[in-house]
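Since the structure comes first, as structure tokens, the remarks are kept for the end.
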Amino acid sequence: MTSYRITPAEQGLAIEIEGVGARQEQLLTAFGECAAGQCSCPTDEYQKVEAMEVVPADDAISIRLAARPGTSFDTGEIERCLDYTVEQAKG
């Protein structure tokens, strides 16, 4: 089962997604689209992203989000985006 943890970080958020299993490639592709500004999430939160670092690991993905100057992330909206992206990766 996929689970995630969102932690405030300097100028943004740190997200740890665990239990990605065979969906890792699909998730990495989706997060790559978000990093390129082509996010399919049902939120505009990606417009606040100044920088996004995605690091795969065994059965996990770490994401670091940096907010644009003068903005901050709505954790609830980021959760909605993560839920949507994980659900889409299930196929």
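Everything quoted here is computed from the prediction, not taken from an experiment.
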- State, to 0.1 Å, how close Pro56 and Leu28 come at their nearest heavy-atom pair, and which atoms those are. CB-CD1, 3.9 Å
- Going by an N to O cut-off under 4.0 Å, is there a salt bridge joining Glu16 and Arg64? yes
- Pro69 backbone acceptor or donor facing Glu50 side chain under 3.5 Å: no
- Task: Inspect the surroundings of CD in Glu10 and state if more than 12 heavy atoms from other residues, nucleotides or ligands are less than 6.0 Å away.
- Result: no
- Message: I'd like to know whether Phe31 forms a side chain to side chain contact (heavy atoms under 4.5 Å, CB included) with Ile17, so could you lay out the CA-CA distance, the side-chain angles of the two residues, the decisive distance to 0.1 Å, and finally the verdict.
- Response: CA-CA 12 Å; Phe31 293 133; Ile17 306 168; 3.5 Å; yes
- Just how far is it from atom CE of Met52 to atom CD1 of Ile63, taken to the nearest 0.5 Å? 4.5 Å
- Taken to the nearest 0.5 Å, the spacing of Ser40 OG from Glu33 CD works out to 6.5 Å
- Message: Would Ile6 and Leu82 count as a side chain to side chain contact (heavy atoms under 4.5 Å, CB included) here? Give the steps.
- Response: CA-CA 10 Å; Ile6 302 173; Leu82 288 169; 3.8 Å; yes
- Between Lys48 (side chain) and Ser72 (backbone), is there a donor-acceptor pair under 3.5 Å? yes
- Are the side chain of Gln24 and the backbone N or O of Ala57 linked by a donor-acceptor pair below 3.5 Å? yes
- Item | Residues Glu18, Asp59; criterion side chain to side chain contact (heavy atoms under 4.5 Å, CB included); working and verdict | CA-CA 6 Å; Glu18 298 174 338; Asp59 201 32; over 6 Å; no
- Say whether Tyr84 and Val54 are linked into one hydrophobic cluster, either directly or through other cluster members, by side-chain heavy-atom distances under 4.5 angstrom. no
- Note on the structure: Here the gap from Arg80 atom CZ to Thr43 atom OG1, rounded to the nearest 0.5 Å, amounts to 5.5 Å
- Query: Could you give the distance from OG1 (Thr85) to CG (Leu27), rounded to the nearest 0.5 Å?
  - Reply: 7.5 Å
- Is the Cys81 SG less than 2.5 Å from the Cys41 SG? yes
- Could you tell me whether Gln11 atom CD has more than 12 heavy atoms of other residues or ligands within 6.0 Å of it? no
- Query: What are the two closest non-hydrogen atoms of Tyr4 and Glu79, and how far apart are they?
  - Reply: OH-O, 3.4 Å
- Go through Ile78 and Leu65 one step at a time and tell me if the side chain to side chain contact (heavy atoms under 4.5 Å, CB included) criterion holds. CA-CA 10 Å; Ile78 296 296; Leu65 297 177; 4.1 Å; yes
- Shortest non-hydrogen separation from Gln47 to Arg68 and the atoms involved: O-NE, 2.8 Å
